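Structure record follows, encoded as structure tokens.
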Number of protein chains: 2
Amino acid sequence: MVATTDFLGRLDEETRAELMAQTTRYRLGKGEFVFCVSDPVDTVHFLLSGRIKTCKFTPDGREVILWFGFPGEVFGLIQSPHHKGRMVSVETCEPCEIAKMSSNGFQDFLGSRPKVSQLLVQIVASRLGMLANRLVYFAADDAETRIAKLLVNLDARYHNSGSGSEQPIGLTHQEIADLTGVQRQTATRILGRLAKCGALSMRYRRISIRDHELLSRFTASQR
Amino acid sequence: MVATTDFLGRLDEETRAELMAQTTRYRLGKGEFVFCVSDPVDTVHFLLSGRIKTCKFTPDGREVILWFGFPGEVFGLIQSPHHKGRMVSVETCEPCEIAKMSSNGFQDFLGSRPKVSQLLVQIVASRLGMLANRLVYFAADDAETRIAKLLVNLDARYHNSGSGSEQPIGLTHQEIADLTGVQRQTATRILGRLAKCGALSMRYRRISIRDHELLSRFTASQR
DNA sequence: CGTTGATTGTAATCCAGGCGACAGATTCCA
DNA sequence: TGGAATCTGTCGCCTGGATTACAATCAACG
């Protein structure tokens, strides 16, 4: 199954080849930035391998993670309508292989391929849907519920094998905090609670869902 | 100036006429729903006059407002990738005049007009940007800051005349609470504070910004 | 193989804002 | 014009989670 947001995976063989022929490839190490807020919007990027996070920073330096990107995804499309420039920053979570091309080149490419544009609308729309859901969580759920929902979602998205995936979720407590809008200490405390009652198993940096059913019981809003 | 999200306003005369020729018009009174979450996605809508709100509901019945729609905007494009069906509900804030057409018809229309698809990407992207900003506010700001930011944004968007607009913001405290994720009472309390110090003037249901500069001082994160 | 930096664990304090409970104001509509 | 319904204003209590402050682990690299 191809994920909704897997742009490259949803192009047909030929179109993909034509597109990739116009790109140049490069590599980044862990924790590097592909671009930052307010950088000029002159390139579009395609993630070939690795994982990235799209984020923003608050005035006082807190990071807020908007979503993760997986291989096959496009990013770097969006320009702020006001001050021009990037609206978000993109940071690698691990070593990544990326293909890039000029924004103008990509626009030309789209101009003659309406189907691809429509696909892009779908992809951006699905990100919109994700953020809309997150916003509802923020408005309605307490910290524990938000974290439980995050873990369930991530697990589904990450190793979408559906089977009894015991693979750890490769996130630090800090990242979980940045995703759910809580303090790092609060994340640690709540993860500890969830582990103690048996829903999670954790061994330093290796958080994984032990009891899927039990965890999902915490995703029902408490507030 | 045409707003970024004003779809109809950004089409050229001819394209707009062709599009509108395929629509049928109808009217709704205040507080009616154009469609609700999980309704089938078989129509696309264009707001001709009035104002709408796009929202979701929490399991316990709380409303979360995602964004407002103004004349010229398209809505009803997005389908949930999982369970199919609408991802959001759309409710009128006042009597509205709306044009609608079938989703398939609209897809065909787009198929032969790549420029319009690209415009749509921009529009969906700008909503994505708005939600991303809201998410950052939720994660980083306290209630007072969120409300102050909301009022500033609304004022800019609403009566974008830029001049010393003394027009009231036509929202109830409940709506402000639904937009900022606080209790209705909290919204009332904070609005009262802002009014007492002279940033706002309020006379039952008629909230307007008295001192723009003073209000914007509250938009600097306190936390 | 030990030092350094990142990550995790825990505990005490404190307050913003949720929640419940009304009382008054205003608008709407019969 | 007179309810009814919807909005607004104000309390007090109480809890979730921010904040501050360390200590303990782990991993990575010279």
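For clarity, every value in this text was computed on a predicted model and none was experimentally measured.
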Report yes or no: is there a donor-acceptor pair, N or O only, under 3.5 Å between the side chain of A/Arg189 and the base of D/dG16?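 Side chain to base: no pair present.
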Looking at A/Arg184 and C/dG9, is any side-chain donor or acceptor paired with a base atom of the opposite kind under 3.5 Å?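 A donor-acceptor contact between them is present.
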Assign A/Thr172 to base, sugar-phosphate, or nothing according to its heavy-atom contacts below 4.0 angstrom with the strands shown.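 Sugar-phosphate, no base atom in range.
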May I ask you to say what B/Arg206 touches in the nucleic acid, namely base, sugar-phosphate or nothing, with a heavy-atom cut-off under 4.0 Å?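 B/Arg206: backbone/sugar contact only, no base atoms under 4.0 Å.
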Beyond-backbone contact of B/Leu48 with B/Ile98, side-chain heavy atoms, under 4.5 angstrom: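 No, their side chains stay 4.5 Å or more apart.
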Run through A/Glu32, A/Glu73, A/Glu94, A/Glu175 and flag the one making a salt bridge (charged side-chain N to carboxylate O under 4.0 Å, His left out) with A/Lys53. A/Glu175
Among [options], the one nearest [X] by side-chain distance:
{"X": "B/Asp142", "options": "C/dG9, C/dG17, D/dG9", "result": "C/dG17"}
{"X": "A/Val182", "options": "D/dA18, C/dG9, D/dG9", "result": "D/dA18"}
{"X": "B/Gln185", "options": "C/dA16, D/dT10, D/dA18", "result": "D/dT10"}

Before accepting this row, confirm whether a basic side-chain N of the pair B/Asp178/B/Arg62 lies closer than 4.0 Å to the acidic partner's carboxylate O. no
What is the separation between atom [atom1] on [X] and atom [atom2] on [N], rounded to the nearest whole Å?
{"X": "B/Arg193", "N": "D/dG9", "atom1": "CZ", "atom2": "C1'", "value": "14 Å"}
{"X": "A/Leu171", "N": "C/dT8", "atom1": "CG", "atom2": "C1'", "value": "15 Å"}
{"X": "B/Lys30", "N": "C/dC29", "atom1": "NZ", "atom2": "C1'", "value": "13 Å"}
{"X": "A/Ile147", "N": "D/dG16", "atom1": "CD1", "atom2": "P", "value": "15 Å"}
{"X": "B/Ile190", "N": "D/dT10", "atom1": "CD1", "atom2": "P", "value": "14 Å"}
{"X": "A/Glu144", "N": "D/dG17", "atom1": "CD", "atom2": "P", "value": "8 Å"}
{"X": "A/Glu63", "N": "C/dT7", "atom1": "CD", "atom2": "P", "value": "11 Å"}
{"X": "A/Met202", "N": "C/dT10", "atom1": "CE", "atom2": "C1'", "value": "13 Å"}

Does OP1 or OP2 of [N] have a side-chain N or O of [X] closer than 4.0 Å?
{"X": "A/Thr186", "N": "D/dG17", "value": "no"}
{"X": "A/His173", "N": "C/dG9", "value": "yes"}
{"X": "B/Gln183", "N": "C/dC19", "value": "yes"}

To the nearest 0.5 Å, tell me how far B/Phe218 CZ sits from B/Thr145 OG1. 9.5 Å
Between B/Cys36 and B/Ser89, the two heavy atoms sitting closest are CA-OG, 3.4 Å
